[in-house]
Amino acid sequence: PSDGLLRGKWWEIYQDPQLNQLEDRIVANNQTLRQALETYLAARDQITVARAAFYPTLSAGPSAQREKISANGPSFSAGKPTTNNDFQLTGQASWEPDFWGRIRRTVEAARSNAQASAADAANIDLSLHAEMAADYFQLRGLDAQLRLFAATIADLQDQLDLTQRRLAGGIGTEADVAQAKTQLETVRAQLIDLGVARAQYEHAIGTLANANLSEFKIPFSPLVLSPAQSPVQSQELSLPKVPVGVPSQLLERRPDIAAAERRAQAANAQIGIAKSAFYPTITLGGTGGFESMNAGTWLQGPSALWSLGAQATELLFDAGKRHALTASARHSYEAQAAAYKAAVIAAFNDVEDQLSGLRILEQESTVEQKAVKAAQDSYDISNQRYKGGITGYLEVLTAEAALLQNQRTAVDLQTRQFVASVGLVRALGGGWDASQLPK
C-alpha cells in the first residue's frame, strides 16, 4: 500500500509527546521484543547455512607421522626398513551439484522461514506498541474520571455545608445532612478505588517499557477530546482520522498475514526437497597435494599427488519412505495454506469489528453528551428547588447521582474511542514494512 500515515512510528498520529516517549522505550528496553529479534536473526543466519551448499567444500592441512611396521607382518620385506616417516600436505574438494533442486528448495524454505520470523517479530512489536498505547489511554481515561470525581466531591462538600446551614437555621432536617454525608463519603470511596486501577495501568506501562516500577510514575493527565469533539477544555487530544482505503491492500501490512503466507511458502518448498530424494545423489570430489618420507623432498615435484572422481548413488528400496515423506510434505503445505487463508479471513473480521466499533462509539458518545447536558439541567433545577424550599434533598441526590453516572459514562466512551482507534491501527498492521525482509 502507498499510504504512509500508519508506517513507522504510527503512534505519533495522536500527537502526544508523553506517549511518544513511552513508545520509544519499547524498542530499546522490552525483553520480549529483543527475544523475537534474536530469534529472527538466528533464522536469517540459516539462509547463509543453506546457501553454502551451492558451493564446494574445501579442506587442506599437513600431517606428519613416524611408524614402524611389524617384522612378522604381511607388509614386511627383507632389506626394507621397518621404520619410516610420512609427510603429507593435501587438500580435498567435494561438491554436490544441485541437479534436482534440493538445495534451491532448501534455500527457499530457509528464506521463507526467516521472513516468517521477521513477521513474527514485527507482530510482537506491533502488539507491544498497541498495548502500550491502549494502556496509556486507559490510564488517561482514569485520570479524567479522577478529575470528575474530585469536582463532584467539591460540589458534594458544598451541598453538605448547605444542608448543615439549613439544619442550623431550622429549615433543614438531620436526614438531609445524613444523606449528604453518605453521598459524599460514597464518592470519596469510589475516588480511592479508581487509584487502584490507575496504579495497575501505570505498572503495566512501566513493565512494557522495562522501567523500575518502584520509581516509575506517569504525571496526572486527564484524557479529553479536542473542543471540536468535546465541550470540556483541558489537555486536548484529537481522534486521528485513519485512512482505510481498500481493505485488501491495507491488510497486506499485517505481519501475522505475512507470517502465515511465508510459512505456506516454506511448506511448499519442503515438497520440492522431498521429491529430490527420488533422484540420484551425485558428488564430485578431488584430492591433491604432496607426500614424501623425507622432509627435504616433501614439496618437490615428484612428491605431488592428485585424484579426481565422481560418485552417483541411487536408493533402490526404502519401503515407501520417500513416497510417505512427499505425501506428508504436501499435507503440511495444505495445512499451512489453510492457516494462511484463515488468517486473512480473521483479519477482515478484525478490521470490520474495529471500524464498526469506532463508528458506533462515536454515535453513542454524541448521544451521551446530550444525556450529560440533560442530567446537568436536571441537577441545576433540583438544586434551585431545594434551595428555595420547594423540594426535599432526596431529589437533589437523585439528580446528582444521575449526573455523575452520565459524566462517567461519557468519559468512558471517550476512552473507548481512543482504545478502539489503537485497535484499528493494530488491525491494519501498524508500521509493518515488508521492504526490510531478508532476500
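This one's a predicted model, so the numbers in the text were calculated from it and none came from an experiment. As a basis for the values below, the full set of heavy atoms in this structure was taken, side chains included, without hydrogen atoms, waters or symmetry mates. Throughout, residue positions are numbered sequentially from 1 according to the sequence presented.
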Problem set entry | Distance-minimising heavy-atom pair for P219 and Q18 | CD-OE1, 2.9 Å
Exercise. Would the Y136 and Y201 ring centres measure less than 6.0 Å apart?
Worked result: no
Problem set entry | R198 with E202: basic N within carboxylate O range, under 4.0 Å | yes
For this session: Look at the side chain of Y14 and the backbone N and O of V422, then say whether any donor-acceptor pair between them is shorter than 3.5 Å.
Result: yes
For this session: Spell out, as yes or no, whether a donor-acceptor pair under 3.5 Å connects the side chain of N123 to the backbone of P255.
Result: no
For this session: Please confirm whether the backbone N or O of R322 pairs with a side-chain atom of T326, one donor and one acceptor, at under 3.5 Å?
Result: yes
For this session: Answer whether the closest heavy-atom distance between the side chains of E23 and I26 falls below 4.5 Å.
Result: yes
For this session: Just do the side-chain hydrogen bond (donor to acceptor under 3.5 Å, both in side chains) check on Q46 and T48 with the steps written out, would you?
Result: CA-CA 5 Å; Q46 290 299 315; T48 304; over 6 Å; no
For this session: Compare every heavy atom of I124 with every heavy atom of A36, then report the nearest pair and how far apart it is.
Result: CB-CD1, 3.5 Å
Problem set entry | Minimum-distance pair of heavy atoms, taken over all atoms of A43 and S117 | CB-CB, 3.9 Å
Exercise. Are L208 and H129 close enough that some pair of their side-chain heavy atoms sits under 4.5 Å apart?
Worked result: no
For this session: Can you spot which of D155, T409, V187 makes a side chain to side chain contact (heavy atoms under 4.5 Å, CB included) with L404?
Result: V187
Problem set entry | Main-chain N/O of T182 paired to T186 side chain as donor or acceptor, under 3.5 Å | yes
Exercise. How about L316 and E314: do any of their side-chain heavy atoms sit closer than 4.5 Å?
Worked result: yes
Exercise. OH of Y333: more than 12 outside heavy atoms within 6.0 angstrom?
Worked result: no
Seminar exercise, completed: By side-chain contact (heavy atoms from CB on, under 4.5 Å), S332 pairs with (sequence neighbours left out) S328
Exercise. Between S378 (side chain) and A374 (backbone), is there a donor-acceptor pair under 3.5 Å?
Worked result: no
Seminar exercise, completed: So OG of S94 and CD of Q311: to nearest 0.5 Å the spacing works out to 9.0 Å
For this session: Rounded to the nearest 0.5 Å, what's the gap from CD on Q407 to CD on Q376? Could you check?
Result: 6.0 Å
Problem set entry | D353 side, atom CG; F348 side, atom CZ - distance, nearest 0.5 Å | 13.5 Å
Seminar exercise, completed: So CZ of R262 and CD1 of I257: to nearest 0.5 Å the spacing works out to 11.0 Å
Between side-chain atoms of residues 65-72 and protein atoms elsewhere (two or more places apart, or another chain), which donor-acceptor pairs fall under 3.5 Å?
residue	atom	partner	partner atom	Å
R66	NH1	N85	OD1	2.9
S70	OG	N72	N	3.2
S70	OG	G73	N	3.4

Exercise. Side chains of N210 and R25: does their closest heavy-atom pair fall under 4.5 Å?
Worked result: no
Exercise. Should we say atom NE2 of H331 is surrounded by more than 12 heavy atoms from elsewhere, each under 6.0 Å from it?
Worked result: no
For this session: Using a strict cut-off of less than 4.0 Å between a Lys/Arg side-chain nitrogen and an Asp/Glu carboxylate oxygen, indicate whether E96 and R102 qualify as a salt bridge.
Result: yes
For this session: For residues R140 and D16, determine if any side-chain heavy atom of one lies less than 4.5 Å from a side-chain heavy atom of the other.
Result: yes
Problem set entry | Side-chain heavy-atom pair V367, K370 within 4.5 angstrom cut-off | no
For this session: List the steps and the verdict of side chain to side chain contact (heavy atoms under 4.5 Å, CB included) for M132 and I205.
Result: CA-CA 6 Å; M132 172 70 82; I205 293 171; 3.4 Å; yes
Problem set entry | Polar side chain donor-acceptor pair, E261 to Y340, under 3.5 angstrom | no
For this session: Quick one: do K373 and D377 satisfy salt bridge (charged side-chain N to carboxylate O under 4.0 Å, His left out)? Show the steps, please.
Result: CA-CA 6 Å; K373 185 179 184 304; D377 293 340; 3.4 Å; yes
For this session: Using a strict 4.0 Å threshold on nitrogen-to-oxygen distance, state whether E362 and R359 make a salt bridge.
Result: no
Exercise. Can we say E108 and R111 salt-bridge, meaning some charged N sits less than 4.0 Å from an Asp/Glu carboxylate O?
Worked result: no
Exercise. Is there a side chain to side chain contact (heavy atoms under 4.5 Å, CB included) between F137 and Q417 once you walk through the steps?
Worked result: CA-CA 10 Å; F137 289 130; Q417 283 180 279; over 6 Å; no
For this session: Check the surroundings of atom CD in Q35: do more than 12 heavy atoms from other residues, nucleotides or ligands lie under 6.0 Å from it?
Result: no
Got a list of side-chain donor-acceptor pairs under 3.5 Å for residues 264-290, not counting sequence neighbours?
residue	atom	partner	partner atom	Å
Q265	OE1	S112	OG	2.9
S276	OG	I273	O	2.6

Exercise. Between R263 and D120, does at least one N-O distance fall below 4.0 Å, as a salt bridge requires?
Worked result: yes
For this session: Determine the minimum heavy-atom distance between W298 and S292, stating which atoms define it.
Result: CA-CB, 3.6 Å
Exercise. Do Q138 and F418 come within less than 4.5 Å of each other through their side chains, counting heavy atoms only?
Worked result: no
For this session: Taking N113 for its side chain and A109 for its backbone only, find out whether a donor-acceptor pair lies under 3.5 Å.
Result: yes
For this session: Could you tell me whether the side chains of N212 and S214 share a donor-acceptor contact shorter than 3.5 Å?
Result: yes
Exercise. Do V27 and D125 touch side chain to side chain, with heavy atoms closer than 4.5 Å?
Worked result: yes
Seminar exercise, completed: Heavy-atom closest pair (N406 atom, A375 atom, distance to 0.1 Å) is ND2-CB, 4.1 Å
Exercise. If you measure from OG1 on T152 to CD on Q190, what distance do you get to the nearest 0.5 Å?
Worked result: 9.5 Å
Exercise. D412 and Q414: side-chain donor and acceptor closer than 3.5 Å?
Worked result: no
Seminar exercise, completed: Nearest heavy-atom contact between V372 and A410 is CG2-CB, 3.9 Å
Problem set entry | Rounded distance [0.5 Å steps], CH2 in W11 versus CG in L19 | 8.5 Å
Exercise. So, does D143 use its side chain to make a donor-acceptor pair with the main chain of F220 at under 3.5 Å?
Worked result: no
Problem set entry | L33/Q31 under side chain to side chain contact (heavy atoms under 4.5 Å, CB included): CA gap, chis, key distance, verdict | CA-CA 5 Å; L33 181 58; Q31 297 304 307; over 6 Å; no
Exercise. After noting the C-alpha distance and the side-chain angles of R44 and Q115, does the key distance pass the side chain to side chain contact (heavy atoms under 4.5 Å, CB included) rule?
Worked result: CA-CA 8 Å; R44 188 182 64 177; Q115 293 178 354; over 6 Å; no
Exercise. Can you check side-chain hydrogen bond (donor to acceptor under 3.5 Å, both in side chains) on D24 and N20, steps first, answer last?
Worked result: CA-CA 6 Å; D24 289 340; N20 295 342; over 6 Å; no
